[in-house]
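First up is the structure itself, then whatever we jot down about it.
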Amino acid sequence: MKAIKLISIVLAVVMCAMAFVSCGKTETKENDDKTTVDTADTTASADNADGKDEDKVLTMATNAAFPPYEFVENGDYAGIDVEIAKAIAEKLGMELEIIDTEFGSIIGGVQSGKYDMGMAGMTVTDERKESVDFTTSYATGIQSVIVKADSEYTDFMEFYSELDEEGTPVAVKEGITIGVQQDTTGDIYSSSDPSGWGFGKENVIRYKTGNDAVQALVAGKVTAVIIDNEPAKSYVEANEGLKILDGAYTDEEYAICVAKDNTDLLDSINSALEELIDDGVVAEIVEKYIPSK
């Protein structure tokens with residue numbers, strides 16, 4: 001009996017010791033978790049102090065195949081929009097982050113909060129206003145028509161086979177095909193019916209980039225390309241055997257798009273942009289890429 005009691009006492013002491021150790025480990029684990037949270041908080045504070053937190057980064061979505069507004073040169077982004085965006089970010093005390101994406105995904109990305117703003121030679125239209133808000137306009141442009149240098153056409157009105165009594169197009173000539181960059185205003189306008197000065201969706205071929213559309217023209221796959229005038233000049237200069245038809249297909253204004261619920265950012269960008277316009281900075285940037293003389 002004494003032996004049994006002695007064994008019972010020893011077992012009790014061992015179990016108590018194990019329980020004590022176990023309790024000690026549990027307490028230590030809880031303290032470690034708390035320390036990790038505190039460390040994360042400290043790191044976040046340090047990031048804020050260094051100006052590296054997300055609130056200090058201005059993300060700009062663009063399509064860097066639209067010279068002279070945005071393009072890649074020697075591995076870096078360049079162009080009118082890029083320099084204006086950098087100047088805006090500097091005024092706001094923020095770091096600009098440029099994200100190159102397909103033009104058609106910019107508005108959706110801004111809407112969802114993936115990007116702070118969209119700046120890609122973007123024309124203000126009523127349809128786009130339904131999805132996003134726009135800043136003050138910082139540039140004006142026109143849509144031009146590019147054809148082959150030996151083309152029989154001298155005016156885009158010659159693409160129509162019939163006009164009504166008021167001079168509005170009724171039908172498009174057979175065989176006319178228009179190349180455009182998808183989701184641009186060139187795409188929107190030219191895809192409308194002839195009564196809206198378009199050529200009908202069935203006669204419009206959509207490409208991911210303006211350059212793809214121009215290369216299709218060079219290869220004889222389309223009759224003409226409709227695109228903004230300044231990029232049109234760049235493409236004609238870079239591709240022998242092309243020309244721009246006289247006259248504008250349509251006029252438009254460029255602005256920066258911001259999500260509809262992001263009024264604080266919209267106001268901040270507008271304030272900075274208007275200062276840059278008033279100070280002549282925007283005009284200097286535009287003149288750099290589009291000399292008036």
Side-chain angles (χ1 to χ4, degrees), residues 47-48 50-125 127-139 141 180-188 206-213 227-228 230-231 234 254-273 276 282 285-286 288-289:
D47 283 348
N48 289 335
D50 292 339
K52 296 179 181 178
D53 60 304
E54 291 183 0
D55 291 338
K56 291 294 183 180
V57 176
L58 182 66
T59 56
M60 163 190 164
T62 193
N63 179 245
F66 196 68
Y69 287 92
E70 39 269 318
F71 55 96
V72 177
E73 185 176 60
N74 299 323
D76 294 323
Y77 294 114
I80 294 171
D81 287 349
V82 173
E83 292 203 24
I84 292 176
K86 286 180 178 178
I88 290 172
E90 184 177 351
K91 275 193 172 290
L92 298 180
M94 303 177 76
E95 179 184 349
L96 180 67
E97 179 182 359
I98 299 175
I99 301 171
D100 188 12
T101 187
E102 290 186 9
F103 185 86
S105 68
I106 293 176
I107 287 182
V110 170
Q111 275 185 299
S112 68
K114 185 177 181 179
Y115 316 121
D116 294 322
M117 66 181 195
M119 196 172 184
M122 186 175 290
T123 304
V124 179
T125 68
E127 182 180 359
R128 288 173 179 168
K129 282 181 178 179
E130 294 177 3
S131 303
V132 292
D133 286 334
F134 283 95
T135 63
T136 299
S137 174
Y138 62 87
V180 297
Q181 180 181 358
Q182 63 185 26
D183 300 311
T184 62
T185 46
D187 177 8
I188 295 169
R206 307 164 80 223
Y207 297 90
K208 285 189 175 182
T209 68
N211 186 59
D212 289 345
I227 197 168
D228 295 57
E230 294 306 323
S234 298
Y254 299 149
I256 304 167
C257 73
V258 177
K260 280 188 171 294
D261 60 351
N262 205 347
T263 53
D264 288 343
L265 180 61
L266 178 65
D267 291 342
S268 296
I269 292 175
N270 254 335
S271 179
L273 178 58
L276 292 168
V282 169
I285 293 173
V286 173
K288 174 182 174 181
Y289 290 93

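FYI, side chains are in, hydrogens and waters are out, and symmetry mates aren't considered; it's all heavy atoms of this structure.
In plain terms, the two heavy atoms of Cys257 and Val132 that are nearest each other are CB-CG2, 3.7 Å. For the pair Pro68 and Pro231, the tightest heavy-atom approach, listed with the atom from each and the gap, is CD-N, 4.0 Å. Taking every heavy atom of both residues into account, Ala64 and Asp100 meet most closely at N-OD1, 2.9 Å. For the pair Tyr138 and Gly121, the tightest heavy-atom approach, listed with the atom from each and the gap, is OH-N, 4.1 Å. Annotation for Gly118 and Ile106: closest pair CA-CG2, 3.7 Å, computed over non-hydrogen atoms. Across all non-hydrogen atoms, the minimal contact from Ala272 to Lys91 is O-CD, 3.8 Å.
One finds the CG atom of Asp212 at 8.5 Å from the CD atom of Gln181 (value rounded to the nearest 0.5 Å). From Asn63, atom CG reaches atom NZ of Lys208 across 11.0 Å, with rounding to the nearest 0.5 Å. Distance check, rounded to the nearest 0.5 Å: CG of Leu58 to CD1 of Ile88 gives 8.0 Å. Atom-to-atom distance recorded for Ile80:CD1 and Ile285:CD1 is 8.5 Å, nearest 0.5 angstrom. Between atom CD1 of residue Ile84 and atom CD1 of residue Ile269 there is a gap of 12.5 Å, rounded to the nearest 0.5 Å. Here the CE-OG1 distance, from Met122 to Thr135, works out to 10.5 Å after rounding to the nearest 0.5 Å.
Partners of Glu90 under the salt bridge (charged side-chain N to carboxylate O under 4.0 Å, His left out) rule, at least two apart in sequence or in another chain, do not exist in this structure. Applying the side-chain contact (heavy atoms from CB on, under 4.5 Å) rule to Pro67 yields the partners Phe71, Ser234, Tyr235; only residues at least two apart in sequence or on another chain are considered. Every residue meeting the side-chain contact (heavy atoms from CB on, under 4.5 Å) condition with Ser131, not counting sequence neighbours, appears here in chain and number order: Ile107, Gln111. For Ser105, the side-chain hydrogen bond (donor to acceptor under 3.5 Å, both in side chains) criterion is met by Thr101, not counting sequence neighbours. Looking at residues two or more places apart in sequence or on another chain, you find a salt bridge (charged side-chain N to carboxylate O under 4.0 Å, His left out) between Arg206 and Asp183, Asp187. Remark: Lys114 pairs with no residue by the salt bridge (charged side-chain N to carboxylate O under 4.0 Å, His left out) rule, at least two apart or across chains. In this view, Lys129 and Val124, Asp126, Phe134 satisfy the side-chain contact (heavy atoms from CB on, under 4.5 Å) rule, not counting sequence neighbours. By the side-chain hydrogen bond (donor to acceptor under 3.5 Å, both in side chains) test, Thr59 pairs with Asp116, sequence neighbours left out. Scored by the side-chain hydrogen bond (donor to acceptor under 3.5 Å, both in side chains) test, Glu230 finds Lys233 as partners (sequence neighbours excluded). With sequence neighbours excluded, no residue satisfies side-chain hydrogen bond (donor to acceptor under 3.5 Å, both in side chains) with Tyr207.
With Tyr289 contributing its side chain and Gly79 its backbone, the two residues share a donor-acceptor pair below 3.5 Å. Judged by distance alone, with hydrogens and angles left aside, the side-chain atoms of Ser137 form a donor-acceptor pair with the main-chain N or O of Tyr254 at under 3.5 Å.
Residue pairs meeting the side chain to side chain donor-acceptor pair (under 3.5 Å) criterion with at least one partner in residues 65-80, sequence neighbours excluded, are Thr62-Glu70. The list of side chain to side chain donor-acceptor pair (under 3.5 Å) pairs with a residue in residues 258-268, not counting sequence neighbours, reads Asp133-Lys260.
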